[in-house]
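Because only heavy atoms are used, hydrogens play no part in the values below, and waters and symmetry mates are left out as well, while side chains stay in. Atoms within a ligand are numbered from 1 in the order they appear, just like the ligands themselves. Just so we're clear, the structure is a prediction, and the values are computed from it rather than from any experiment.
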Amino acid sequence: MEYFSFIIYIYIYMMKTESFPNQKSIMGSRGVLLLCLHGLLSLSHGQAINNHYFPESLKMGVANAAPQIEGAWNEGGKGETIWDRFAMTRPEMIIDRSTPEVACDSYHLWREDLHIIKGMGAQFYRLSIAWARILPNGYFSKDAVNPEGVKYYKTLLRELKKLNIEPMVTLYHWDLPQKLQDDLGGWLSPKTADIFAEYARLCFELFGDEVKWWITINEPKQVCEAGYGGGAFAPGIVQPGVGNYICAKNVLLAHAKAYRIYDKEFREKNQGKVAMVIDTPWFEPGSQSSEDVAAAERAVQFMYGLYGHPIYFGDWPQIVKDRVALRSRGEGLKHSRLPEFTPEEKKLINGTHDYLTINYYATHMANATGESPYTQRSFFDDMNIIEWINPAWPKGGPGWFSIWPTGLRKVLNWMKNTYGDHEIVITENGLSDNTGVIEDPHRIKYIRDHLSACLDAIYEDKVRLVGYMAWSFMDDWEWTGGYGSRIGMYHVDYNSPNKTRTRRASALYYRMVCNNRCLVDKCV
Ligand code: BGC
């Protein structure tokens, strides 16, 4: 048996025989043993694990989102969302034809979930508010506010406070109220940005005393490219190379308007921070040729820069402008498919950040390629790279999931070098698989190696990393990946009436890391 697996095997055995009555401390005799094994883990793989303590400034937490765990899709006055509609009317788009109707039933079981999170030693819980629970049709008016939805999140936030867990709250995790899609075309309309801003103001008003860390929109790239470009995600609009960019502009406006509202009306009183959560894989050049190096950089600019640049510099990345203009000309269009920002819009968007964010899961390879025919039009043709998965690296569940922890360190450095020395929060990182196993040494290894890469970035590269939110504390509805894609440190039995949560080995490991704030047996 490979050394790493052997250590993990003993580790899991210890976990199974350990009772942890209130999950507060693991420092009994078993705890000490676990700690020793934990130390051995650091020697168990060729790669050196960083032996520094996590600095106090680095907050450890866990994350998830309303549409993936709450269920209760039409209970408590909640309105229908684009994901409810998409999953129910287009089952062929979801791998197991499942829907988010019940999910983990966290709407009812939230108290248990908060205690699980507490038991994992998390300082932070990144959760999302379901827009359609607060304003069932999306639109704001005093009468439209759903008191049951407000009460649900108020109670939950109050309980978090009691547990001494800091909330980090996402206002939009892909769950647009269906009515806004039906009436306005969703994110294809700039009106949606205004309506979002009103919803954001309402949330700042309702929950601002409790919440100091706000996220406006999660992963605009997925919202726009998958939702309004390729159409693989709700609402399933297929307008490649057009809808995705219109959407990008509108979500940026939505974010900026919400940010400015917070600035003007709430910052002084509530002293919180607001950001948009942006995701990208890291792209490693397929060779050191200047073309491949440029292709990898271009990929990150298209994925991250498309949203990061407007927020940090007030406009799209130059390479994106150039590429879309070039392809648009080739297609015989008079204007670029990439919408421009007016000077007022640039001013509005520029500087709307209080911290940098990244959802990072995997690293992909990039090579340069020739121009595809102009009859083909998409975000990917604009980006113009060959994207591939390095066969030498281990894989997670879905095919795109190729594991290379150094990629996380590289992307953190890219962010710092591109946007400046800001506080950074890793708002998502975790491992999905399709096995559902309880004993998950592969997830422990993933978390450990990625945290080690974070420590390298902090201590060696002086990246100001202030937060790490592991995705996820429990399995969830993984969008088009359905319930088969398992990404939790707790297993959820979707067939049991009370959606039984069972602790995986990784949950125990994460707790140990959160409590000891160290990845090896002796830290400096
Ligand atoms: C999303 C999460 C999702 C995770 C894993 C991220 O893109 O923000 O909602 O669960 O990826 O697939």
Please could you name the atoms of ligand 1 that [X] approaches to less than 4.0 Å, counting only its heavy atoms?
X	value
His173	1 (C), 2 (C), 8 (O), 9 (O)
Glu428	1 (C), 2 (C), 4 (C), 6 (C), 8 (O), 11 (O)
Trp479	2 (C), 3 (C), 9 (O), 10 (O)

Starting from atom 4 (C) of ligand 1, what is the nearest protein heavy atom, named by residue and atom, and what distance separates them? Tyr361 OH, 3.4 Å

Closest non-hydrogen protein atom to atom 9 (O) of ligand 1, residue and atom name please, with distance? Gln68 OE1, 2.6 Å

Is any side-chain N of the basic residue among Glu159 and Arg111 closer than 4.0 Å to the acidic one's carboxylate O? yes

Residues Asp175, Lys78: salt bridge by 4.0 Å N-O rule: no

Give me the ring orientation class for [X] and [Y]: parallel if the planes are under 30° apart, tilted from 30 to 60°, perpendicular past 60°.
X	Y	value
Trp83	Phe233	perpendicular
Phe204	Trp214	perpendicular
Tyr312	His353	parallel
His309	Phe313	perpendicular

Is a side-chain donor or acceptor of Asn367 paired with a backbone partner of Ile386 at a separation under 3.5 angstrom? no

For ligand 1, is there an N or O atom under 3.5 Å from any N or O atom of Glu478? yes

Judging by distance only, is a nitrogen or oxygen of Glu219 under 3.5 angstrom from one on ligand 1? yes

contact_flag Ile487 ligand 1 heavy-atom lt 4.0 Å: yes

Mark the output for Gln222 as yes if a heavy-atom distance to ligand 1 is under 4.0 Å, and as no if none is. no

Is it the side chain, the backbone, both or neither of Asn218 that has a heavy atom closer than 4.0 Å to ligand 1? side chain

